[in-house]
Every structure is written in structure tokens, then in C-alpha cells.
Amino acid sequence: MVAADFTEIAELRQALIRKALRYAIFAADTTADLVASPFDAGGILQELPAGYVPVGYTTTDGVTFSGDLSTSDVQSGQSSSPTRSDVESDTVTAQWVPQETNAAAVALYENLPLAGVGSLPALGSATWTWSRPKTPPTLYRRLVFIAEDLNKDTGNAIYIVRHFPSALRSGREDEQWTRTAEIARGVTYQAYIDDAAETDSITWIDGPGWRDYAPEAPGGGG
């Protein structure tokens, strides 16, 4: 056995602690294209496909991604711990509270289309009006979440992008009118498997700041 240097084997690297210094949420109807890759070959962030609209400002709580994992265990008389476990379900949700009264925030909260028939007109062009239908429609969305961080050594941008190809509203918070706070419309959306994407969630990490790690870790993995 060779004596170990704890500092070396622990590989504690402050530069790899990520924060969402800035972030944005985008939503589209399922008629919009999937996000195939948010970066070009050089790691530069690219524009989203047509149809994705920004949610705008949110509360300081940001976006919370929650998971619900359940398993089915087999218990045996000869063991105090399960002798077999199988995943029964593994779901992910995203929750946020918009502060702006814009088309995306209202549509996601009120379950309205983001484009086409039934969608809200351009801001300021006409009266916004909607009513609760007798039978609420099941409207799936495409969601994109982008967080921007900086490489502490170079100052170059690092992006974390998460894509829900198919998401359904699973909860919403109370809408409160008061003179002391903005009208907020908090929502929760659950990700579902999209047949074309063959997944319920895709995540990428890249950007000029991420590529700065390449000399130490080939491939930009940090």
C-alpha cells in the first residue's frame, strides 16, 4: 500500500462549485421543435428554436427541481435488508414563481396555449381575456431552463441548460392581490417522457468558461 495525500485524493476544487448567477425560463407549445443542442461545436450558447417565450422575472427562490423516486423491495427471511429493489417510478418537477404579468406567465398558470388559437394577443395590442373551461384541457409544454455562472479564474460564462421536452402543469400556488407585493403566479410542472426525445429531461453544461478547464481535464469535464 502507498501512503495517500488527503489533499490530492480528495480533489477539492472551489472553481467547480456552481451557482445560478443569472437564470431564465422559457416555454413553448409542443408544436415547437425540441432543443437538440443548446451549444455549437465551440461551446457557444445558441438561440432557442422558434416558439419559445421567456417567463421573465421570478422571485428570489428561483427554480426548484424536485424528484420523486419510489422503489419496490423484496424482503427475504435470511436478510435484514432487501435482497432486491426495483425502481417503480422516478419523476422530476420544476417549480417557480413568476413576477411579471406576461403572456408566458399567465398562460402557464391559467393553462392557456402559448401560440395559435386561444393564446393571448401581443402585449398592449388588445384586451387580454380568458375564462375557466368546463373541462380543463390537458396542455403539455416544452420547457427550457438556462442558468449562467462564471469561471472564477477567467470570468468566462458557464451555462447549465435543462430541457423538459414534455411537461404538464401539476400544481399552482394561490394568486394574491395586495398593495405590498407583486401579483405572482407560482406553478409546478412535471416532466413526462417525450416519444421523440425518448426522455423526460435533458441537461447540458458548457460554455467558454467550461472549456477553460480543458487543459486539466480533456473534453472540458473539469
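All of these numbers come straight from a predicted model, not from anything done at the bench.
Within the hydrophobic cluster formed by Ile, Leu, Val, Met, Phe, Trp and Tyr side chains joined at under 4.5 Å, directly or through other members, L21 is accompanied by L150. With side-chain heavy atoms closer than 4.5 Å counting as contact, directly or through intermediates, the hydrophobic cluster containing V87 also holds L69. Listed by chain and number, the hydrophobic cluster partners of I183 are W177, where partners are ILVMFWY side chains within reach of under 4.5 Å, directly or through others.
Shown here are the side-chain hydrogen bond (donor to acceptor under 3.5 Å, both in side chains) partners of N102, two or more places apart in sequence or in another chain: E100. Applying the ring-ring contact (aromatic ring centres under 6.0 Å, His included) criterion to F145, with sequence neighbours excluded, gives F65, W96, F164. Taking the side-chain contact (heavy atoms from CB on, under 4.5 Å) definition, one finds that T138 meets it with Y140, L168, sequence neighbours left out. Scored by the side-chain contact (heavy atoms from CB on, under 4.5 Å) test, A122 finds S125 as partners (sequence neighbours excluded). With sequence neighbours excluded, no residue forms a salt bridge (Lys or Arg N to Asp or Glu O under 4.0 Å) with E182.
Note on residues 116-140: no pairs pass salt bridge (Lys or Arg N to Asp or Glu O under 4.0 Å), not counting sequence neighbours. Applying the salt bridge (Lys or Arg N to Asp or Glu O under 4.0 Å) test to pairs two or more places apart or on separate chains, none has a residue in residues 44-58. Within the structure, no pair that satisfies the salt bridge (Lys or Arg N to Asp or Glu O under 4.0 Å) test touches residues 152-167, not counting sequence neighbours. Pairs engaging residues 102-124 under the salt bridge (Lys or Arg N to Asp or Glu O under 4.0 Å) rule: E110-R172 [sequence neighbours left out].
Remark: side-chain polar atoms of H163 are not paired, donor with acceptor, to backbone N or O of I202 under 3.5 angstrom.
With a 4.5 Å cut-off on side-chain heavy atoms, L114 and S119 do not count as touching.
With R211 as the partner, the side-chain hydrogen bond (donor to acceptor under 3.5 Å, both in side chains) test is satisfied by one option alone out of N151, N156, D206: D206.
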